[in-house]
Structure formats: C-alpha cells, structure tokens
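For reference, the structure is listed below as structure tokens.
Note that the coordinates shown come from a computational prediction; the quantities given were computed from them, not determined experimentally. Here is the naming used below: chain letters follow the sequence lines, and residue numbers restart at 1 for every chain.
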Amino acid sequence: MKPTDTSNPEYYHKVVDCQYACPAHTPVPEYIRLIAAEKYTDAYMINWQSNVFPGILGRTCDRPCEPACRRVRVEEEPVAICRLKRVAADNKGDVKSLMPQGPFTPNGKKVALIGAGPASITVARDLAPLGYEIHLFDEQIAGGGMMRSQIPAFRLPEEVLNEEVNYILDLGIHTQFFTYVESLKEVLEKDYDAVFVGTGAPRGRDLPKLPGRQEGGPYIHIGIEWLANVAFEHVHSIGKRVIVLGGGNTAMDCCRTSRRLGGESVKVVVRSPFKDMKASPWEKEDAMHEDVEILDNHVPLSFEMEDGKLIGMKFQKVKAVYDENGKRQLLPTGEEDVFIPADEVLIAIGQENSFPWIERDIGLEFDQWEMPVVDKVTFRSTHPKVFFGGDAAFGPENVITAVAHGHQAAVSIHLMCEGKDIHDRPSPYVNLVSQKMGIHEWSYDSPVAIDKRYVVPQAAKSITLKDRRMEVELGFDPPLGYKEAQRCLNCDVQTVFSENLCIECDACMDICPTSCITFTTNEDKEEDLRKKLLVPAENETQDILVSDSLATGRVMVKDEDVCLHCGLCAERCPTSAWDMQKFFYSVTKAHEL
Amino acid sequence: MTYIKPLFRHPKLPKNKIGYTLKEYEGALSTLCAGCGHDSISAAIVQACYDLSIEPHRVAKISGIGCSSKTPAYFLGNSHGFNSVHGRMPSVATGANLANKELVYFGVSGDGDTASIGMGQFVHAIRRNLNMVYLVMNNGCYGLTKGQDSATADKGSKSKAGSVNPFLPVDLASMAVELGATFVAQSFSGDKGQLVPLIKAAIHHQGFAFINVISPCVTFNNNLGSTKSYDFVRGHLGVTSQLDLVMEKEAISVDYEKGSVVRVALHDGTELELSKLANEWDPKNRISAINAIENARENEQVLTGLLYLNTDYGDLHEILDTTDTPLNQLDEASLCPGTVTLEEINRGLQ
Ligand SMILES: Cc1cc2nc3c(=O)[nH]c(=O)nc-3n(C[C@H](O)[C@H](O)[C@H](O)COP(=O)(O)OP(=O)(O)OC[C@H]3O[C@@H](n4cnc5c(N)ncnc54)[C@H](O)[C@@H]3O)c2cc1C
Ligand SMILES: Cc1ncc(C[n+]2csc(CCOP(=O)(O)OP(=O)(O)O)c2C)c(N)n1
Ligand code: SF4
Ligand code: SF4
Ligand code: SF4
Ligand SMILES: [Mg+2]
C-alpha cells in the first residue's frame, strides 16, 4: 500500500469520530477540554461558531456524534457530548461581546429568508456580518421555528430559546413575524439578490381513511399541530385517557405533554416492535419514567364512537417477521383485536413537506414526490436565486442538520453575490500543533478515565408533571460535568508518525494498550495488510495509517479504530518519531471567506 | 503525564487456550528509557508465555541487578518474582528450582550481571544443567550505572562518551556451549519473529537453556561506532536457522530445500523444526556450533538463532534423583524423618 496522505485534512478529521459525525462538524473534544478547564465561555463560543445554538442543542440535539464516539468501541457508553454542551451554556460568562458587533457596513445586497427556523437563522448569522440586508419572514409570533412550536418547554425552556435566537436577530435582522408568505413568485419579484427557503416540514401525517376519523374529529388531533397549539397557549388541557399513535420523538413529546395537561392514563401505541421505534432511546426512557405505557406491535383499525363521543380505538395485534434481506413485515398474530379506551387521540405518525405557496411555473423544479430539486452541496434549487435548507430541503431531520445546511447555503449565497462559482467550495480551516511539553508531559490530560457515563440529574416527577414549562433535566453541575468531560479520549490529539525518525525499536508497538501499532512487511492490497496486524483491523469504517518504507523495508501500520490517544506510543518513542499533535478542524463559514 | 497504562484493551484481543489475553501476561508500565531493547524482550516473553498458554502462577522470574534485571517487574505481573543481588540470580534460581520442580524458571540477567560479577554463578548453573531459561539482555554496557563498558563490549567499540574499548570481549554464547549448556541460542531484541519461538523452545527444553539477546541501550550505547547499536546489529546479523516449536506432531508442511529442515524432539514430546539457513551447521554437534559462531565472528557477524542443543543429558533433578513433590507440599514427617532415620542413614555410611 502507498503511504497514507495525512496532508489531506479529511484523514485526521475522520479520526475525530464525534466531530466527523456531527453535521456541522463541531470541534467536540476541543470544547470538552475547555469545559474540564472551567473555560465555559470559550467552550460556548467554539460551539456557537459551529452550531449557533449551544444552549438549545445541549438540551435537544439528536446527537449523531454519540453513537460515533470512540468510547463506544472501547468501553460501552459514549461520552455525554450533548449534555456537556449544556454545561458550557449554563456556566458561560458574557458571550455577546465575543460575537460580531453591528451595525455592519451594508454591502448593498438583500436576501429574503422564508421561515425563521434554525436553518434560516443560521443563514442570517453568517450573512449579517458581511453587510447583507436580511429580511426574515415567519408566520409565527417569534423566531425559532419548530424549536418554539414543537419542542416542548419542559425540554427546552423558552428563555434559553429566546436568548440564542435573539443573539442573531440582534445582528440587525429585519424580522416580519405573523407573516405567512403566500407566493414565492411575489418574493422573487421584489429585488432580492437571493432567497432562502427554510420553511421546514410543517404538515403532520393523518389517518384520513381509518373508520371513525371524520366522526371523531373533535377528539382527534394531529400531533405537531396540537403541540404548537399547546406552545402558543391555544390548548390548555386534554382528556384523562389519551392514546398517542406513532413511535417517533414527536409521539414522545405528545405523550409527555399530555401527562402535563391532565392525561392520567397515557398510552403510546405503535405498529412496530419496541426496539424498532424511531424515538431515541433516551426519549423513550423519559416517557416511561413519566408513567407512559408503550404498547408495541399494535396496528390501528378504527376510532370507536358512542353517542357521538370518542370512547377509544381498536387495534390488530401483529408480529414483526424479517426476510433474509432483513426487510420487515408486520403479520397479524391471529389474536383477538384489542380495544383501548380513550378520551382523546394524538396522531404522531410523521411529518411531510408541503409547498402550496410555491408556484410551479417559476423555473423551480419539483420531483415526483413534490419535493424541490435541491443540490446536496450548494443547496441551490433549479432556480438560480433560490436556496433551500433545513427540513424544507430534503425532508424532516433535526436542528443540527438545519444549521449545517444554513452554513453551506450562506456560503453559496455569498459566493453567488460576489459573482463567484458556487461550486468552488472553500477548504476547511485546519491546524496541527504538537502537544509535547516534556518527556512524560502533554498539554492535554492523556490518562484514560475508566469512569462509566454519568447520568444527568432530573427534577422530581412530582414537580415536573405539574408544570409543562418546568424543565425536567437539571443538567450536570460543574463537578459532575468535569468528571464526564474527563471521559473524552481526546481523539483530536492525533498520533503523527515521522518515518525518517523511527529506529524500529518496537517500543511503541509493545506499549500500545490497544494493540494499534504493527511493524510488518507491506502488502499491495489494503485488505491483506489489515489482516496482518497484531489484532486484524476488521472495522473497515476506520482507516489505517500506513507509513512509508522504513530502514528494514517494513512499514508501520496503525489501526485508528480503538486508539485511546493516550500518548504512550509517543512517550515510549526514543526519537519522537511519534508525536501527539492537536488537530483543529473548522468548516469555513460565509463570513470567513 | 502518564505513568499509568490505560486499562482498556482491544476488544477483539484474541484469547489463548486457557482463556487469557495478552493483558494477563503483562506487567507494570516500564520505567526503562524509551526505546530500550530490554522492553522489547519483555514483550517477547509476554508473547511466548501467552502463546504457550502457561498459567502465570506457574512461572517464577528471578533476576540480579541492572536495567535488565529490573524487567521482571514489567512482564508477567501475575507470576512469582525475586529480584536478587547483583550476579546472584543463579543461586537463588537454584534454590527455588530445587524446592519446586513444577514451575517454569525464568532467569533474567544483564551482561554486567552475568559476565562480570555473576560469572562464577553462571558457570556453575550451566555445569549443573539447572532446568531454567537463562536470558541475558546484552547491551555491552552497565546501563543502570550510566553506560560503562561491560565485559561483553567488543574490542574497538566506541562508547557514547567517545572512548574506545581496549579489551577483548567475553563471548557468552560460545562460553555456554563450551561449558556444556544443553540449549544455547542468540538473538536480537529487534527481531521478535525469531526471539519469541526461541523463548518458547527454551521454556520447553528440559535443562539449562541460555539465550543471549543483543539488546541496544538507547541512552548510553546506541551511538555511531558502537557494535551494540540498533543500526550496527541490524547490519551484522547472521542467522543459523528459522525455528518453530511444533506442539503436536504433524507432517512437515513447508517445502524446504532437501535436507535443510531438521526436526529435533524435546523431552516433553514437542519438537523443534529448524529450517537451516547456515550451511555446515549441525545444532546437535558442539564442534559444529562453535565453528559456526567463530565463522560468523570472522565475517563480523552476530550469529543468531538456535546454536546448540543437547537433549540427552538430564537436568539437575534427574542427576540428583530428587523428589517429584514440591517441598512445600511435603508434610513434616517426610521433610524431617527424625532421629531414627538419621541414625539409620549414618549407620549406612559407617
Ligand atoms: C415534536 C417535534 C420535536 C422535535 N424535537 C427535536 C429535538 O429534540 N431535537 C432536534 O434536533 N430536532 C427536533 N425536531 C426537529 C426540528 O425541530 C426540525 O428538524 C428543525 O426545527 C428544522 O428546522 P428548519 O429551519 O428547517 O425549519 P423549522 O424549524 O421547521 O421552521 C420553519 C418555520 O417556517 C415557518 N413557515 C413555514 N412556511 C412558511 C411560509 N410559507 N411563510 C412564512 N413562514 C413559514 C414555520 O412557521 C416555521 O416557524 C422536532 C420536531 C418535532 C415535530
Ligand atoms: C554488588 C554490587 N556491585 C555493583 C553494583 C552497581 N551496579 C548496579 S547495576 C550494575 C551493572 C549492570 O549492568 P548489566 O547487568 O549489564 O545491566 P544493564 O543495566 O546494562 O541492563 C552495577 C555494576 C551493585 N548494584 N551491586
Ligand atoms: S471520546 Fe471524546 S473526542 Fe473521542 S469521539 Fe468521544 S467525544 Fe469525541
Ligand atoms: S495513543 Fe499510541 S499508545 Fe495510545 S492507544 Fe493510540 S497508538 Fe496506542
Ligand atoms: S518507538 Fe519510535 S523509534 Fe521505536 S519503533 Fe516506535 S516509532 Fe520507531
Ligand atoms: Mg548491560
């Protein structure tokens, strides 16, 4: 095999599993170290640069980083990356003075942002400092999109939301709330240089054909609409017995909100087996902790009415059968249908996009599923001035994905307005610096903590169930946050190898606790080399680092898979052929171009 | 700062026949200089014991004084150990071995520990054919006391400080052959491929198994002009044979050149398979072994691999016809049969 090209920033980036998995590529280990050092403000700002909403995400992020965490591969539970972010937000000092300070010199360009969810707000954040005049439209009362209308206050307090949304709106954004945009054509007719569509996936799926759906109307609600009505205080109560249909996170928010609005017997009824439910494991746990019953393998048959009133629902019992390709089928078990009594039903079986306000004759193409055709890199639609991002671009995702889209769309808009090629994407900002301070001394905490993941403390159920605004999670306090932060393996502190210094003494290979390093003869094919290592490198999602040929003709091969970044190889190396170097990687934003 | 080895290991670390991973054979984190050859030898010992599925508590590690003699702290942390006095490892090993023949005895020494202060003890352990592995980590200097030339330093070899050694070296391997050691091998710390099978064979050998391992001292003797540096040794290696320990009888699998593969049976039924690389060398013939070593020396080479093997001569226990039961398992009556028995013995000698 050819020597690995570590000058390509993506090589080391991939080693930082969490950052690589984060859609916005937040420099996770860097902020975790800052939290351990009690530098909460700095930790907050690193997050803010990457993901705009540290306090919000530290409570609600979908956390794609956590399943990717190296800790899962060497221990079991990932570092509580998400909740550590909240520690930074909770304990930070003054951050506003560290953010761009307006007013900014106008650059003469105008951009319309439709929808004020996280995607649009991110575009605003990146373009405002460049002097763009930004007009933000939303039909709701304030900015935040679904973070305001959908995510319940007991998971995300309104003050936290307002604070972080306002940091951006205060950059001089022209907001037009209570404004539903009826026509994209009309927007385009005004002299905007670019239009960004961040309208989300606002339509909740219904079960229009299920018997009883029409008659039961007043007692049956679409989950996301109902949550918005609760958030905006149009709905204050619910019946004692509630059925929530669906197994995703929306269903979890519906059932938990029901418990706070008077629901005593709240049942989540889902078609799939419990383990296949879309909801995150922690959301399910939290719901069950609040006495919500989850009934799996039940397919809804009908809404049952009596005297014009809903009395419950009928379900068929099914079991999951998987074919050889792992494809699932739900087959009836033959058992008797089940009747579950209920006063009200919430349907939380998914969301859809809908763009009734976008004309189909303005040169903006839609595909067969009525989704706009959007470029995955530039986020431009087939209309040169119209960009999409967030849930509106490719269907419902989450806040962090919306933010990542927003950053990239802002880059495209700025490039376009500068008359540049929007396909010519900026390279990331990277830096690689030695952490060596002495023979056994590094500027990071190299010892590996064996602590198991710490649980985030919660307020007592007896209190939280009484007030839908009362936040359930209390967050890690600083001492607990420190302990959790120390579990991080510092994956961004890279093992950098210089073959010209190596005297092939084997010390690094002998000391490595996780048998990552092997000196061996080279092979033509990667798969053959992978098999020859001390412990064969079977995890192909992780790269191997292959050196150039050494004096004896062998090569050094390091499997990145379970490296603990403990620095022992570098400590045992007599010639510093190994060095521990901190790799900083940051996605370039529009205002940094 | 790290003096602690993380507790995590590769989750797919293989297990040996008795269900242990390499971790169960490791010792404490080494305090030797980074890159010291001795650490590689420790790793080879760990690997060999793991490969042989030896129960760690069936091993006794005994050493003298020196960096080399410190290494038993860094391997086989679950075994017995005795860090003795400078040059006195053989007598402690002899005592322990006589008291219990059931353990594997691992004597670790340095060139200073063996070729100077401990020479007398070394010689007599060989003469008695004590059943043990005697491993010298040979760096041509006194590492622990800051690199003075040792008795194995080659004439003309330059120290780090620049002085040239004026004396002829003691050649431990040819001396061991000369004295009748029943297993003599030589190796290089940087060649685990050779060293691990040699250690395994030495453990299986019934009798005194001597391995002289050239092991560079990175701090005091790895300079240009030294004949014990990584570079010099790598450039001057000669090899007698490739060796494999065959645990179960099986047909010779590899197609070697005719006559180049030799199988030697050890006492316990295992076999050594040697694919010879040096011509005119018969591992069971002392003269041939000495010749091979001398020839290599003429060519400025360090001859490595198995040099000599004798499976005919019994070990100390056989010679003395000692009891099979370890002394700590004998009851008081057998250990101290009393005055009547003593008088009987005395009468027999009158
Ligand atoms: C119940 C629920 C819980 C969720 N929980 C989480 C969570 O815990 N963590 C997480 O990461 N994600 C969560 N999500 C998903 C997350 O809220 C969305 O993925 C994210 O908000 C999408 O952001 P966006 O910028 O694309 O648009 P949205 O947040 O959807 O905002 C779009 C905005 O556009 C406005 N709008 C739409 N059309 C028009 C128009 N024509 N004119 C004017 N305004 C318009 C809407 O009113 C809305 O304010 C949840 C979603 C739901 C439904
Ligand atoms: C009786 C006695 N004499 C001298 C010493 C000093 N001393 C300590 S280590 C050593 C030499 C060690 O050399 P070697 O056995 O080659 O070990 P290395 O450190 O090179 O591995 C000496 C002379 C001692 N500890 N005890
Ligand atoms: S251990 Fe730390 S740096 Fe490594 S993947 Fe997990 S959070 Fe990221
Ligand atoms: S940092 Fe070095 S010694 Fe530590 S696990 Fe990684 S490769 Fe092994
Ligand atoms: S410890 Fe250093 S010199 Fe020794 S083999 Fe490893 S990289 Fe090479
Ligand atoms: Mg020495």
Side-chain angles (χ1 to χ4, degrees), chain A residues 70-76 437-442 444-450 489 502-516 519-521 533-539 550-552 554 559 561-578 580, chain B residues 1-15 21-23 25-47 50 71 74-75 139 188-193 195-196 215-220 222-223 229-235 237:
Chain A
R70 183 173 298 265
R71 201 95 194 168
V72 176
R73 304 197 294 276
V74 293
E75 187 218 292
E76 212 182 318
M437 289 174 60
I439 295 179
H440 293 275
E441 240 175 310
W442 303 102
Y444 72 107
D445 273 345
S446 58
V448 174
I450 56 166
L489 295 170
C502 175
I503 57 167
E504 296 178 69
C505 69
D506 283 1
C508 53
M509 173 163 88
D510 294 339
I511 196 69
C512 177
T514 42
S515 315
C516 305
F519 287 83
T520 182
T521 47
L533 307 190
L534 281 187
V535 179
E538 286 168 1
N539 181 359
L550 299 165
T552 59
R554 300 180 301 172
D559 181 6
D561 189 18
V562 292
C563 168
L564 303 170
H565 297 258
C566 65
L568 276 178
C569 49
E571 282 181 33
R572 299 306 296 168
C573 178
T575 63
S576 295
W578 284 111
M580 304 307 289
Chain B
M1 269 249 255
T2 321
Y3 288 103
I4 322 147
K5 188 161 172 172
L7 293 175
F8 296 131
R9 294 293 176 271
H10 199 299
K12 293 209 174 124
L13 208 56
K15 290 195 170 126
T21 66
L22 276 176
K23 190 180 180 185
Y25 296 87
E26 289 171 3
L29 195 65
S30 171
T31 59
L32 301 185
C33 304
C36 176
H38 300 354
D39 279 334
S40 293
I41 303 174
S42 298
I45 294 170
V46 166
Q47 184 70 45
Y50 162 84
T71 60
Y74 316 136
F75 61 82
N139 53 15
F188 168 48
S189 65
D191 185 1
K192 285 207 192 66
L195 183 54
V196 173
S215 174
C217 169
V218 269
T219 306
F220 298 113
N222 195 34
N223 48 290
S229 70
Y230 277 105
D231 282 350
F232 186 90
V233 178
R234 277 215 177 89
L237 284 179

Proximity breakdown for B:T219 and chain A, heavy-atom pairs closer than 4.5 Å: neither

So, do B:D39 and A:R572 sit near enough that their side-chain heavy atoms are less than 4.5 Å apart? yes

Would you check if A:C505 and B:V218 make a side-chain contact, meaning some heavy-atom pair closer than 4.5 Å? no

Listed partners of A:V448 passing side-chain contact (heavy atoms from CB on, under 4.5 Å), at least two apart: A:R71, A:L489, A:L564, A:C566, B:P6, B:F8

Report which part of B:K23 has an atom under 4.5 Å of a heavy atom belonging to chain A: side chain, backbone, both, or neither. neither

Quick check on A:T575 against chain B: is it the side chain, the backbone, both or neither that has a heavy atom closer than 4.5 Å? neither

Heavy atoms only: give me the nearest A:P513-B:R9 pair and the separation to one decimal. O-CD, 2.9 Å

Using non-hydrogen atoms and a 4.5 Å limit, figure out which bit of A:A551 sits close to chain B: side chain, backbone, both or neither. neither

Using a heavy-atom distance cut-off of less than 4.5 Å, which residues of residues 40-47 of chain B contact chain A? B:S40, B:A43

Is chain B contacted by the side chain of A:M437, its backbone, both, or neither, given a heavy-atom distance below 4.5 Å? neither

What part of B:R234 gets closer than 4.5 Å to chain A, counting heavy atoms only: side chain, backbone, both or neither? side chain

Honestly, the part of B:D231 sitting under 4.5 Å from a heavy atom of chain A is neither

Selection from B:P14, B:G37, B:P11, B:P216 maximising heavy-atom pairs under 4.5 Å formed with chain A: B:P11

